[in-house]
Trainee: 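Before I ask anything, let me first share the structure, which is written out below as structure tokens.
As the structure lists them, so they are numbered: ligands from 1, and atoms in each ligand from 1. FYI, the numbering just counts along the sequence from 1.
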Amino acid sequence: MVFTGITDGIARGVEGVQASVSGIFEPTVRLGVTGLSRAGKTVFITGLIANLLHRGRMPQLTAAREGRIETVYLQPQPDVTLPRFDYEGHMAALTGDNPHWPESTRSISELRLSFRTRPDGWFAGWRGPQVLHLDIVDYPGEWLLDLSLMEKSYAQWSEETLARLERRAIAREFLAAARAADAGLTLEEPVAQALARSFTDYLQTARQAGWSDCTPGRFLLPGDLAGSPVLTFAPLPRPAEASRSSLWREMERRYDGYKSKVVTPFFRDHFARIDRQVVLMDVLGAIHQGPQAVEDLRRVMAEVLGAFRVGRTGWLSSLLGARRVEKILFAATKADHLHHEQHPALTDITAALVAEAKGRAEYAGAEVGAMSLAGLRATVEEVAARGGESLPAVRGRLMETGRTAVMYPGALPADPARILSPARGGAEAWLDAEYGLMSFAPARVTLRPGEGPPHIRLDRAAEFLIGDRL
Ligand code: GDP
């Protein structure tokens, strides 16, 4: 047995040498980065890339600590039709003379980072350097919510959506327009456009009000599809009769087009090819907003993560085949709003928030982790004295005024149930606590050679996600 192991190793070693000489076999890991709007995807990816290129602040990435990473470089991405993640632009925003937060993710984008590493262990001496390509794919979590449309017809979707909207005051205006439209009449484009606009307005308001079921996802983040017919439809009451040229039939055709031309290609060409996934969540932001926002985040995440639940829908499993995501990391972002003493509590709340989805992913064979991190650390830690008490706080430059402020956001409970139970129970406010939050601007940094911008746990995140492949 031992002998077989060694010959295997030699065989692979020889393969490796040939491969690096010929350049044929260069393994690739596709890392998906998702999360709802404003979760921190852009900042996370920018910080991660910068700190992988310059690894002075990455001690927990084993290959970096052991000095096995010879070089890391940006390369042209393989998908020439996808927008490139604007790493340089975002870095300039974060680390320029007047540091500011970069523009957020609005669509899908990609970037390839390549590693040249020395293998460890017994064969290191004669195996030669290895190349690993890391394709980072950034996409809005909202797009995953569209999975729920795939097995519904336009008639079913319309009926269900309208029934749900009946119970919401914020939908009144759209509902009145939908009821007033006779979908049996011949299509008139301005009517279709007005209905779609009114429905989109409702979705925007619903999202701001904290509702999770804001599909179709591209109505909120249209990318380059804004104004196209696949986004110019709305749920309508079914007319008694609908001829081929009726508004109803055209809306149906567009809805089907949305599924086949927008949702399917995204899942087939991008989602299905992801090997490892980070799901970012602004847990602190939700806690600050209150129990309803936490419950809403829990519900949306359960929905978003349904996409990783193998066997959830016939449609998705037929598309994915035997492929599955190997690792999923759930990460609470913006942890620099907290002193590190409070990070374990934030991580526990995050893990509890996604516990249901996590259980399912583990069942499906993916390795799952949870942590708290910051793509860019905008604060420094400080112990604040308040009323004779010493509080673990942070200090940063306020976004609004540019002035320095010290923040102690309140004690996060060690038991996540103290947050999740009131949220599930429909509480309006936290009973015994208040969680304040300030918006800090990125601090001005002077980067020393070999160092990326300051962060929290990007090295641990990288170790979890790709450490085994370096
Ligand atoms: P996206 O929509 O998921 O791409 O979100 P962004 O990465 O653009 O982040 C949204 C906002 O959250 C930023 O403009 C910042 O205000 C804030 N933010 C994101 N990451 C961090 C972080 O690591 N630390 C702090 N303090 N704020 C962050």
Side-chain angles (χ1 to χ4, degrees), residues 32-51 57 83 85-87 89-96 98-111 136-144 207-208 217 220-223 277-289 297 300-301 304 330-340 342-343 346 350 371-381 393-400 402 404-407 409 436-445 452-461:
V33 179
T34 198
L36 298 175
S37 205
R38 313 290 296 163
K41 299 179 288 295
T42 309
V43 175
F44 171 83
I45 297 175
T46 309
L48 182 68
I49 295 171
N51 280 285
R57 295 186 207 256
F85 181 83
D86 183 16
Y87 167 67
H90 298 326
M91 259 306 264
L94 288 173
T95 59
N98 173 26
H100 55 278
W101 298 108
E103 238 184 74
S104 299
T105 300
R106 309 225 36 93
S107 182
I108 186 166
S109 66
E110 189 184 48
L111 195 79
I136 301 177
V137 183
D138 171 26
Y139 65 93
E142 282 81 355
W143 292 7
L144 293 179
R207 206 201 16 206
Q208 275 156 24
L220 293 172
L221 285 170
Q277 178 71 53
V278 192
V279 180
L280 301 175
M281 300 157 67
D282 184 5
V283 178
L284 271 178
I287 294 175
H288 166 64
Q289 276 187 52
L297 180 64
V300 193
M301 291 323 287
V304 162
F330 297 106
T333 49
K334 315 181 193 180
D336 57 328
H337 285 97
L338 292 181
H339 190 280
H340 74 269
Q342 299 207 354
H343 290 178
L346 180 62
T350 307
M371 65 176 68
S372 306
L373 52 79
L376 185 91
R377 176 177 216 145
T379 62
V380 290
E381 296 191 338
V394 293
R395 176 162 46 86
R397 190 165 58 92
L398 289 178
M399 288 269 276
E400 298 80 20
T404 300
V406 173
M407 177 180 84
L437 211 55
M438 293 174 178
S439 295
F440 295 114
R444 194 162 298 143
V445 283
H455 63 83
I456 296 176
R457 287 192 201 91
L458 286 182
D459 49 349
R460 280 181 198 269

Trainee: I need the minimum non-hydrogen distance between Leu221 and Pro140, along with the two atoms involved.
Mentor: CD1-CB, 3.4 Å
Trainee: Taking 4.0 Å as the limit for heavy-atom contacts, which would you say applies to Asp336 with ligand 1: side chain only, backbone only, both, or neither?
Mentor: side chain
Trainee: Return the residue, atom name and 0.1 Å-rounded distance of the protein heavy atom closest to atom 11 (C) of ligand 1.
Mentor: Arg38 NH2, 3.7 Å
Trainee: Verify the distance criterion only: is there a donor paired with an acceptor across the side chains of Thr42 and Thr105 at less than 3.5 Å?
Mentor: yes
Trainee: Is Arg106 atom CZ crowded by more than 12 heavy atoms from other residues, nucleotides or ligands, each under 6.0 Å away?
Mentor: no
Trainee: In terms of atom number and element, which parts of ligand 1 are under 4.0 angstrom from non-hydrogen atoms of Leu376?
Mentor: 22 (C), 23 (O), 24 (N)
Trainee: Quick one: nearest non-hydrogen protein atom to atom 15 (C) of ligand 1, plus distance?
Mentor: Trp101 CD2, 3.4 Å
Trainee: List ligand 1 atoms under 4.0 Å from Ala374, heavy atoms only on the residue side.
Mentor: 23 (O)
Trainee: Give a yes or no on whether Glu103 atom CD has more than 12 heavy-atom contacts from other residues, nucleotides or ligands under 6.0 Å away.
Mentor: no
Trainee: Using the salt bridge (Lys or Arg N to Asp or Glu O under 4.0 Å) rule, pick out the option among Arg38, Lys41, Lys334 that qualifies with Asp282.
Mentor: Lys334
Trainee: Could you tell me, atom by atom, which parts of ligand 1 come under 4.0 Å of a heavy atom of Gly375?
Mentor: 23 (O)
Trainee: Taking Phe44 as the fixed residue, which of Leu376, Val33, Ile136, Asp138 is the one that meets the side chain to side chain contact (heavy atoms under 4.5 Å, CB included) rule?
Mentor: Val33
Trainee: Side chain of Arg377, backbone of Asp336: donor and acceptor closer than 3.5 Å?
Mentor: no
Trainee: I'd like to know if the side chain of Glu142 and the backbone of Gly217 have a donor-acceptor N/O pair within less than 3.5 Å.
Mentor: no
Trainee: Would you say Ala378 and ligand 1 have an N/O pair spaced under 3.5 Å apart?
Mentor: no
Trainee: Which atoms from ligand 1 have a heavy atom of Ser104 less than 4.0 Å away?
Mentor: 1 (P), 2 (O), 4 (O), 5 (O), 6 (P), 8 (O)
Trainee: For atom 4 (O) of ligand 1, grab the closest protein heavy atom and report residue, atom and distance to one decimal in Å.
Mentor: Thr42 OG1, 2.6 Å
Trainee: Give yes or no for whether the N/O distance cutoff of 3.5 Å, strictly under, is met between Lys334 and ligand 1.
Mentor: yes
Trainee: So which bit of Met399 gets within less than 4.0 Å of ligand 1, heavy atoms only: side chain, backbone, both or neither?
Mentor: neither
Trainee: What residues, two or more places apart in sequence or in another chain, satisfy side-chain contact (heavy atoms from CB on, under 4.5 Å) together with Ser107?
Mentor: Trp143
Trainee: Does any N or O atom in Glu103 lie less than 3.5 angstrom from one in ligand 1, N or O only?
Mentor: no
Trainee: Checking the N or O distance criterion of under 3.5 Å, is ligand 1 in contact with Gly40?
Mentor: yes
Trainee: Is Ala39 near ligand 1, meaning one of its heavy atoms is under 4.0 Å from it?
Mentor: yes
